[in-house]
Protein chains: 4
Amino acid sequence: MPTDPTRTRAAEAATTATRILDVAEQLFAERGYAAVSVRDIAGRVGLNQASLYNHFPGKQALYEAVLERGLAPIREILAHGGAQMLTPEGGDRLLERLVDQLWSTPHIPKLVEREMLDDGTWFESLAREWLTPIYEVGRRAMAATSEPSGWTEEELPLVVVGMYHLLFGFFSAAALLRRVIGVDPQAQEMRRIHLDFVKDASRRLMRPGAAT
Amino acid sequence: MPTDPTRTRAAEAATTATRILDVAEQLFAERGYAAVSVRDIAGRVGLNQASLYNHFPGKQALYEAVLERGLAPIREILAHGGAQMLTPEGGDRLLERLVDQLWSTPHIPKLVEREMLDDGTWFESLAREWLTPIYEVGRRAMAATSEPSGWTEEELPLVVVGMYHLLFGFFSAAALLRRVIGVDPQAQEMRRIHLDFVKDASRRLMRPGAAT
Amino acid sequence: MPTDPTRTRAAEAATTATRILDVAEQLFAERGYAAVSVRDIAGRVGLNQASLYNHFPGKQALYEAVLERGLAPIREILAHGGAQMLTPEGGDRLLERLVDQLWSTPHIPKLVEREMLDDGTWFESLAREWLTPIYEVGRRAMAATSEPSGWTEEELPLVVVGMYHLLFGFFSAAALLRRVIGVDPQAQEMRRIHLDFVKDASRRLMRPGAAT
Amino acid sequence: MPTDPTRTRAAEAATTATRILDVAEQLFAERGYAAVSVRDIAGRVGLNQASLYNHFPGKQALYEAVLERGLAPIREILAHGGAQMLTPEGGDRLLERLVDQLWSTPHIPKLVEREMLDDGTWFESLAREWLTPIYEVGRRAMAATSEPSGWTEEELPLVVVGMYHLLFGFFSAAALLRRVIGVDPQAQEMRRIHLDFVKDASRRLMRPGAAT
DNA sequence: GATGAATGAGGATTCATTCAT
DNA sequence: AATGAATGAATCCTCATTCAT
């Protein structure tokens, strides 16, 4: 399990385990856990089905390894940068780092969205661990700013969910954007547009709107 | 297929087919297509597995019937109400109707989100049929208002996706809200909070923000 | 069960039971017992699956009714005409009647061939009942004629099987004749050709050949 | 697919695939495709049902492999020996080789007969490929001999079908011979009797009979 | 006599996993 | 580390049959 943050994923040697993780990440993101067979994964890696078990003890473990590898950097960013949200400039820097990270592993936000929909017990612990603190920081952030956000206490959870979707939802909706609206969501210029949009939208959501 | 708009879903006779649709809707939304077995559905309806095939020709057809039944009312609302977006009051009325509808069938937004993630060919036609027109209306709406929205042309698709997630994402994140933040997302008072939030957030997203 | 020999099959009222028998006869002949479903039969008759059980107690019983109806006339002919084989002219008359009968129900020879291949216990009694006597008559016929047939005792069974195939095999090979050789085996003129061929070939088989 | 002609089937290593083919050949011949379940085959081989799919991609593919293995030698004989039919001695040699081959795989003629009855599309290509040329050779053979056969042009197809049944029909009728007439069709002496009969009968059919 | 609905048994096939090589 | 082969459990679906209406 790669936990060394100094080694970027691209620089990792393309070990068999890594190649398995890459393929599994993509397939799990595209189709969901149940719709991906071990045969599919092994086949795409160019491996026999049985060989996969030399690297991971099973399908479930492989899935968790994928999730762990993908979520670790995000957790890192949030753990160290949560306090930045208190100022607009800090918020922007945080968003920049997050958007950067998500764009470097675009399957991960889809996986997270699926986890959320599946309401897996695995997700529960995950969420408790790093979403609750974030939520608290965000809550305090909005309460502490001189300009009030204009949201009531009971609306705050929805604001958090909304912010999450502004960030992650872009990747979930990649197919929609491509097919219906004709945008190419993988184009690198989209990265900048996405970042600008997220920054702007978050300001609109977090500061009082003109129309309230 | 219920097309009579005067008959609400709850008032429908609980025919076997309807009960199958209800159970299937819930399971497909909770676990996704591949993770739901025909046995599961039949079992929950209290039916032999084979009996299900007296009502639907197969799993795929059942899934599509679920989607069709769930999406028809939404399509209806959008088809007749798209033009309302041009004024703030009309937009509010549209949102009211949409939130109402989504709350009456809360599994459906999860199904839509899953469809989007799965990038199914079925979704493609669906999206083309009623998402493209909506997008066009929305685009024109934002261009036509006297106060400009403050978004660039290339950001508009992201605004649409954002709006979608503000509306639908609440249901996808129901588990997160319940488990992490402690909110009960099925409580009826949440319906009002959700509506207020969506109205407010949409104004913030669609009108120029102070911070741009 | 139609046992009245004065009523030809065509003249029978197209009762539901008769229509079922007709469809079943065709399908069983074309595909074999196991490959035909009760649904198939009922469907082609324009009947609900369950309705079929108002006319026949089950699939097996229906099959036996088909066989019985189809074989009764043949059995009749053989029972009354076996002795005719003793003279060439009598043999011809017997063949005429047999070919006539087979052409009036061309699915039946295919059914018989399938029965033979399946080696069904049903076939056993059937064969014992009317094939053994025929065989004995044929044996005596060949032994009694002034001109010896030229066959040894041990070859006689093969001669019988050969005669059977000259008569019945035409219908089994209908597809082959149509597709490979380009003959239309349902054309009525084929009936005469078939009869001539059978008569001629039987003479060749039953009388001493020049080359022995 | 065994293509090495020097290795006889019996000498092949009894690999799992070969054992599956053997069992499948027998069951398909005895009962027909639809009446044989994959479980039956696997069970007789002493294999789990799923293991069979490690050797053949499916039931249909297994069936075709059986047919291919069984028909290849026959095709070979006909392809190389068709011209021999032009002389009586050559014809005898051809028949000897064919009878030899059929007796070495006695299930195959039953399979061919079933294919013919089923009128399968698979059979069509098969027939076109090697039955049409044979038919043409046979036609020319009978037209070329100094002594005319005594058949009319339109009867020729029936002669071909008749010859086919004289050869193959013995195996289809094995049950009939055993049960009704009391002959043991698997006894090796029957092989010689069958060959003699086929040779003699073919002369009778191909040369002018006294009674025409 | 006809039918919609129900069902237990069985159909072919795929699943994740194990193990000897 | 890789693989061919094996397997029990599960997959979706079809089967012949029954029964209340």
Side-chain angles (χ1 to χ4, degrees), chain A residues 15-17 19-20 33-43 45-63, chain B residues 15-17 19-20 33-43 45-63, chain C residues 15-17 19-20 33-43 45-63, chain D residues 15-17 19-20 33-43 45-63:
Chain A
T15 64
T16 303
R19 275 166 50 227
I20 293 173
Y33 182 82
V36 174
S37 76
V38 173
R39 227 199 304 272
D40 285 339
I41 300 171
V45 179
L47 227 50
N48 184 289
Q49 221 185 139
S51 305
L52 201 143
Y53 288 81
N54 288 325
H55 302 273
F56 297 92
K59 188 188 179 186
Q60 184 66 32
L62 170 57
Y63 177 70
Chain B
T15 64
T16 305
R19 274 164 53 227
I20 293 173
Y33 182 82
V36 173
S37 78
V38 173
R39 224 196 305 269
D40 284 340
I41 301 172
V45 180
L47 226 49
N48 184 291
Q49 203 186 159
S51 302
L52 200 143
Y53 289 83
N54 287 326
H55 302 275
F56 297 91
K59 188 188 181 186
Q60 184 67 34
L62 170 56
Y63 176 71
Chain C
T15 64
T16 303
R19 276 164 51 224
I20 293 173
Y33 182 82
V36 174
S37 76
V38 174
R39 227 199 305 272
D40 285 338
I41 301 171
V45 180
L47 226 51
N48 185 289
Q49 222 184 138
S51 304
L52 202 143
Y53 288 81
N54 287 327
H55 301 273
F56 298 91
K59 187 189 179 184
Q60 184 66 31
L62 171 56
Y63 176 71
Chain D
T15 63
T16 303
R19 276 165 51 226
I20 293 173
Y33 182 82
V36 174
S37 77
V38 173
R39 225 194 305 267
D40 285 339
I41 301 171
V45 181
L47 226 50
N48 183 291
Q49 205 185 157
S51 303
L52 201 144
Y53 289 82
N54 287 326
H55 302 275
F56 297 92
K59 188 189 181 185
Q60 183 67 32
L62 170 56
Y63 176 70

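Just so it is clear, the values below take in all heavy atoms, side chains as well, and ignore hydrogens, waters and symmetry mates. On a predicted model such as this, the values are computed, not experimentally measured, just so you know. By convention in this document, chain letters (A, B, ...) are assigned in the order of the sequence lines, proteins followed by strands, and residues within each chain are numbered from 1.
- Whole-Å rounding puts the A:F56 CZ to E:dT18 C1' distance at 19 Å.
- For the OP1/OP2 pair of E:dT7 and a distance below 4.0 Å, the side-chain nitrogens and oxygens of B:S51 include at least one atom meeting the criterion.
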Using distance only, find each side-chain donor-acceptor pair of residues 48-56 of chain B under 3.5 Å and give its atom names and separation, not counting sequence neighbours.
unit_1: B:N48; atom_1: OD1; unit_2: B:A50; atom_2: N; d: 2.7

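- In this structure B:Y63 satisfies the side chain to side chain contact (heavy atoms under 4.5 Å, CB included) test together with B:F28, B:Y33, B:Q60, B:L67, B:L111, B:E115, sequence neighbours excluded.
- When each of C:L52 and B:L52 is assigned the nucleotide of DNA chain E bearing its nearest heavy atom, the one mapping closer to the 5' terminus is C:L52.
- An OP1 or OP2 oxygen of F:dA2 is reached within less than 4.0 angstrom by a side-chain nitrogen or oxygen of A:T16.
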Quiz item: Could you write nucleotides 11-17 of chain F as a row of B, S and -, 5' to 3', where a protein heavy atom under 4.0 Å of any base atom gives B, of only sugar-phosphate atoms gives S, and otherwise -?
Solution: BBBBBBB
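- Using five terminal pairs a side, the axes of the helix from E:dA2-F:dT21 to E:dT21-F:dA2 at its two ends make an angle of 10°, given in steps of 10 degrees.
- For C:A34, the side chain to side chain contact (heavy atoms under 4.5 Å, CB included) criterion is met by D:A34, D:A35, not counting sequence neighbours.
- Take the nearest nucleotide of DNA chain E for B:N54 and for C:L47: the residue whose nucleotide is more 5' is C:L47.
- In terms of phosphate contacts, D:H55 brings a side-chain nitrogen or oxygen within less than 4.0 Å of OP1 or OP2 of F:dA6.
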Quiz item: B:L62 and B:V38: side-chain contact (heavy atoms from CB on, under 4.5 Å), yes or no, with the steps?
Solution: CA-CA 10 Å; B:L62 170 56; B:V38 173; over 6 Å; no
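- The distance from atom CD1 of D:I41 to atom C1' of E:dG11 is 13 Å, rounded to the nearest whole Å.
- Residue pairs meeting the salt bridge (Lys or Arg N to Asp or Glu O under 4.0 Å) criterion with at least one partner in residues 51-62 of chain C, sequence neighbours excluded, do not occur; the list is empty.
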